[in-house]
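I have placed the structure first, in the form of structure tokens, so that the comments after it can refer back to it.
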Amino acid sequence: MKITPTIRAELEHFLQQENLTLSQFGQITGMNRGIISSIVTGNKSMSINQLDRITEAMGLPEGHFYDLFIENYIIDTPPNMRRIEPFLFRCAELDKLDAIRRVVGAIMDNLLYSPKLFEIAEELLSQGRHEAALILYEGVAEAERYQHSERLAVCQYRIFTIQVGDDQSRNIRAAAVFEAFVERLDEIDQLDALKDLANVYRSLRKWDKVDEIARKMKQKAKTQYLLKHQHKNRECDEYKKLSRPLFVYISYADLLCAGVYEAQGDYNQALQYTYAYADLDWVKETDEDTKHWISLFQHWAQANVIVNKLLSGDMKVLNDYVEYIAASSDTTDQDRVTQLLNIMMTANRYQIDVNDILQRFETDVNSLLQLPQFNDVYTQHVIPEQFARLGYELAYYYLHQGTYDDGFKYLMYSLVSYHRLNNETYFIKCLVLFERYRVYAVSETKAAYLEFIERVWIADVKKNGAIDRRN
């Protein structure tokens with residue numbers, strides 16, 4: 001039978017080896033002799049703060065005894081949340097995720113611990129310790145999987161928002177799992193959940209899902225907006241949980257539906273939804289935040305009316321769109337990449353020459369080659385795909401024009417971006433486009449392409465455990 005070592009035994013051995021008395025060691029740790037004596041004799045349990053002091057005094061790295069702490073004071077004794085809570089926070093601070101997993105695995109057989117672990121996860125999330133929080137949310141969700149609870153739904157929402165990232169294959173799995181839990185959320189929380197879910201599906205170009213979720217969000221938001229203004233004395237604190245004013249969810253649903261029809265090539269229907277989210281005379285609020293959002297919707301509508309006409313083949317509005325872009329003084333990178341993408345999609349679809357426009361915005365195009373980092377669901381997932389798509393459309397345009405240096409430069413950018421996004425459809429499109437024009441690539445470009453493809457292949461071999469059996 002294997003005997004589990006104890007921290008007490010390790011400490012006793014250290015004191016004997018270093019010929020230290022309890023008083024001397026207490027002075028080193030900043031703890032009195034009585035506490036050290038109680039720990040050594042086993043008459044007193046140990047806090048994580050005391051363990052950290054002892055570890056430092058023994059000249060060992062932070063967290064050295066954490067696995068033993070779990071064995072001695074969590075697994076071998078009745079769980080005590082006053083001891084476990086600070087231990088979990090300390091593990092998160094030191095990025096000791098395996099230790100957190102062990103604790104969760106040891107105590108989650110008992111549903112009584114779910115509320116407290118959920119609270120700890122919420123605090124860790126607010127601190128930005130997402131990976132540590134994820135382990136706790138997953139533990140609570142697993143323990144409560146047969147409970148029809150709002151806490152389970154919130155856990156699944158948190159898991160969803162933490163998991164979505166660059167990998168679009170992972171994103172679609174996360175969205176599919178979370179979608180089943182949206183209706184279990186509080187009615188107000190459902191609005192942000194549906195917004196985030198729609199944005200992820202939008203980044204994945206799953207237009208049927210975007211349409212379905214946008215319509216659901218609009219219906220729920222309209223109901224809440226009606227209730228809010230029918231009952232003047234209704235408690236409004238619940239609406240403060242929303243990340244945006246309540247009316248935004250109604251108008252944003254129209255914007256999403258406009259995007260669905262635009263992607264499907266039904267530009268007339270897209271225009272109808274664009275006019276809908278531009279008309280906001282029905283909004284009753286007059287605060288500054290509301291005015292800000294109304295201004296944004298009207299700004300987006302002004303541009304998108306022109307865009308839908310442009311994409312439908314009305315070239316008379318191209319110059320208007322270019323002048324609109326040039327006149328926008330506060331344009332963000334996100335706005336600019338969308339604007340340039342609209343122009344390039346039009347140019348490639350209708351085979352028109354836009355060299356003068358590209359020259360005019362050359363600085364903007366070059367600055368967009370570095371994919372930035374964003375911090376919300378929309379900009380993390382919708383915008384990076386648009387950056388990659390812009391690279392592809394630029395590559396397609398230049399290669400078809402015979403401007404091969406620029407064409408291959410943007411194609412390599414798009415190829416790398418779509419690999420990072422794990423978007424197989426456009427990754428393959430990039431490969432096909434390269435092979436079609438390979439004969440025009442200079443040797444350096446071919447070498448860079450082959451090196452990248454080999455790195456992708458090696459990464460796939462490592463990921464899937466494939467073996468190269470060639471001699």
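Keep in mind that this is a model prediction, so the values were computed, not measured.
No donor-acceptor pair under 3.5 Å is formed between the side chain of S414 and the backbone N or O of Y410. Using a distance-only test at 3.5 Å, with no hydrogens or angles considered, a donor-acceptor pair links the side chain of H400 to the main chain of Y396. A donor-acceptor pair under 3.5 Å is absent between the side-chain atoms of S251 and the main chain of V248, judged by distance alone. Side chain of N308 to backbone of N304: a donor-acceptor contact under 3.5 angstrom is found. Between the side chain of N171 and the backbone N or O of G165, at least one donor-acceptor pair lies under 3.5 Å. Between the side chain of Q168 and the backbone N or O of L204, no donor-acceptor pair lies under 3.5 Å. With hydrogens and angles ignored, the 3.5 Å screen pairs a side-chain donor or acceptor of T346 with a backbone N or O of N342.
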Let me have the donor-acceptor pairs involving side chains of residues 90-104, under 3.5 Å, with sequence neighbours excluded, atom names and distances please.
{"residue": "R90", "atom": "NE", "partner": "D52", "partner atom": "OD2", "Å": "2.8"}
{"residue": "R90", "atom": "NE", "partner": "Y66", "partner atom": "OH", "Å": "3.4"}
{"residue": "R90", "atom": "NH1", "partner": "E93", "partner atom": "OE2", "Å": "3.1"}
{"residue": "R90", "atom": "NH2", "partner": "E62", "partner atom": "OE2", "Å": "2.8"}
{"residue": "D98", "atom": "OD1", "partner": "R101", "partner atom": "NH1", "Å": "2.8"}
{"residue": "R102", "atom": "NH2", "partner": "E71", "partner atom": "OE2", "Å": "2.5"}

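Proximity of I352 to L318: side-chain heavy atoms (C-beta onward) are separated by under 4.5 Å at one or more points. A 4.5 Å side-chain heavy-atom check between L197 and F160 finds at least one atom pair inside the cut-off. Looking only at side-chain heavy atoms (C-beta outward), R170 and N422 stay at 4.5 Å or farther from each other. Counting heavy atoms from C-beta outward, R173 and V177 have side chains that stay 4.5 Å or more apart. Side-chain contact between S417 and R420: present, with at least one pair of heavy atoms (C-beta onward) separated by less than 4.5 Å. Side-chain contact check for Y392 versus L433: some heavy-atom pair is nearer than 4.5 Å. When side chains are defined from C-beta on, Y321 does not count as touching K309, because their heavy atoms never get closer than 4.5 Å. Side-chain contact between R438 and K446 is present, with at least one heavy-atom pair separated by less than 4.5 Å.
I120 CD1 to L125 CG: the interatomic distance, rounded to the nearest 0.5 Å, is 13.5 Å. One finds the CD1 atom of I343 at 11.0 Å from the OH atom of Y397 (value rounded to the nearest 0.5 Å). In this structure, the separation between CG on L358 and CG on L340 is 7.5 Å, given to the nearest 0.5 Å. Going from atom CG of L124 over to atom CD of E119 covers 12.0 Å, rounded to the nearest 0.5 Å. With rounding to the nearest 0.5 angstrom, the CD atom of E393 is 6.0 Å from the CG atom of L341. One finds the CG atom of L68 at 10.5 Å from the CD1 atom of I75 (value rounded to the nearest 0.5 Å).
Taking all atoms of both residues into account, the shortest heavy-atom contact from L311 to Y350 is O-OH, 2.6 Å. Looking at every heavy atom in both residues, S114 comes nearest to A143 through OG-CB, 4.2 Å. Scanning all heavy atoms of the two residues, the minimum distance from E262 to A270 falls at N-CB, 3.8 Å. In plain terms, the two heavy atoms of F361 and A326 that are nearest each other are CZ-N, 4.2 Å. Minimum interatomic distance between Y418 and C430 (heavy atoms only, all atoms of both residues): CD1-SG, 4.1 Å. Across every non-hydrogen atom of S149 and E144, the tightest pair is OG-OE1, 3.1 Å.
Between Y137 and F118, the two ring planes are perpendicular [angle over 60°; tilted spans 30° to 60°]. Relative orientation of the F247 and W282 rings is perpendicular, given thresholds of 30° and 60° on the angle between their planes. Note on ring orientation: taking the six-membered ring where Trp is involved, the planes of H419 and F452 are perpendicular (angle over 60°, cut-offs 30° and 60°).
Salt-bridge check for E122 with R158: passed, with a basic side-chain N closer than 4.0 Å to an acidic carboxylate O. Remark: K228 engages E285 in a salt bridge, criterion side-chain N to carboxylate O under 4.0 Å. With respect to E323 and R360, a salt bridge is recorded, a charged nitrogen being found less than 4.0 Å from a carboxylate O.
Within 6.0 Å of OH in Y426 there are more than 12 heavy atoms belonging to other residues, nucleotides or ligands. Taking a 6.0 Å sphere around CG of D405, one finds it holds 12 or fewer heavy atoms contributed by other residues, nucleotides or ligands. Applying the 6.0 Å contact sphere to CD of Q359 captures no more than 12 heavy atoms from other residues, nucleotides or ligands. Around CD of E183, the count of heavy atoms belonging to other residues, nucleotides or ligands within 6.0 Å exceeds 12.
If you look at Y398 and F408, their ring centroids are not closer than 6.0 Å.
Every side chain to side chain donor-acceptor pair (under 3.5 Å) that S243 has, sequence neighbours left out, goes to D192, Y249. Legend: residues meeting side chain to side chain donor-acceptor pair (under 3.5 Å) with D320, ordered by chain and number and at least two apart, are absent. Applying the side chain to side chain donor-acceptor pair (under 3.5 Å) rule to E424 yields no partners; only residues at least two apart in sequence or on another chain are considered. Evaluation of the ring pair (Phe, Tyr, Trp, His ring centres under 6.0 Å) rule for F69 yields Y73, F87 as partners, not counting sequence neighbours. Not counting sequence neighbours, Y275 has no partner by the side chain to side chain donor-acceptor pair (under 3.5 Å) test.
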Apply the test side-chain contact (heavy atoms from CB on, under 4.5 Å) to residues L390 and Q386: give CA-CA distance (whole Å), side-chain angles for both, the deciding distance (0.1 Å), then the verdict. CA-CA 6 Å; L390 175 60; Q386 290 189 335; over 6 Å; no
Apply side-chain contact (heavy atoms from CB on, under 4.5 Å) to residues V182 and I213 and explain how you reach the verdict. CA-CA 11 Å; V182 173; I213 292 167; over 6 Å; no
Determine whether R129 and F89 satisfy the following criterion, side-chain contact (heavy atoms from CB on, under 4.5 Å), listing intermediate values before the conclusion. CA-CA 10 Å; R129 304 189 188 281; F89 279 111; over 6 Å; no
side-chain contact (heavy atoms from CB on, under 4.5 Å) between D196 and F178: does it pass, once the steps are laid out? CA-CA 11 Å; D196 291 342; F178 171 57; over 6 Å; no
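Q298 and Q302 share no donor-acceptor pair across their side chains, judged by distance under 3.5 Å alone. Side-chain polar atoms of E435 and Y449 form a donor-acceptor pair below 3.5 angstrom. If you check the side chains of D406 and Q401, you find no donor sitting under 3.5 Å from an acceptor. Between the side chains of Y252 and N199, at least one donor N or O sits under 3.5 Å from an acceptor N or O.
Y201 pairs with exactly one of K206, E179, K209, E212 by the side chain to side chain donor-acceptor pair (under 3.5 Å) rule, that one being E179.
Judged by a 6.0 Å distance limit and a 45° cone about the ring axis, K222 is not positioned over the six-membered ring of Y225.
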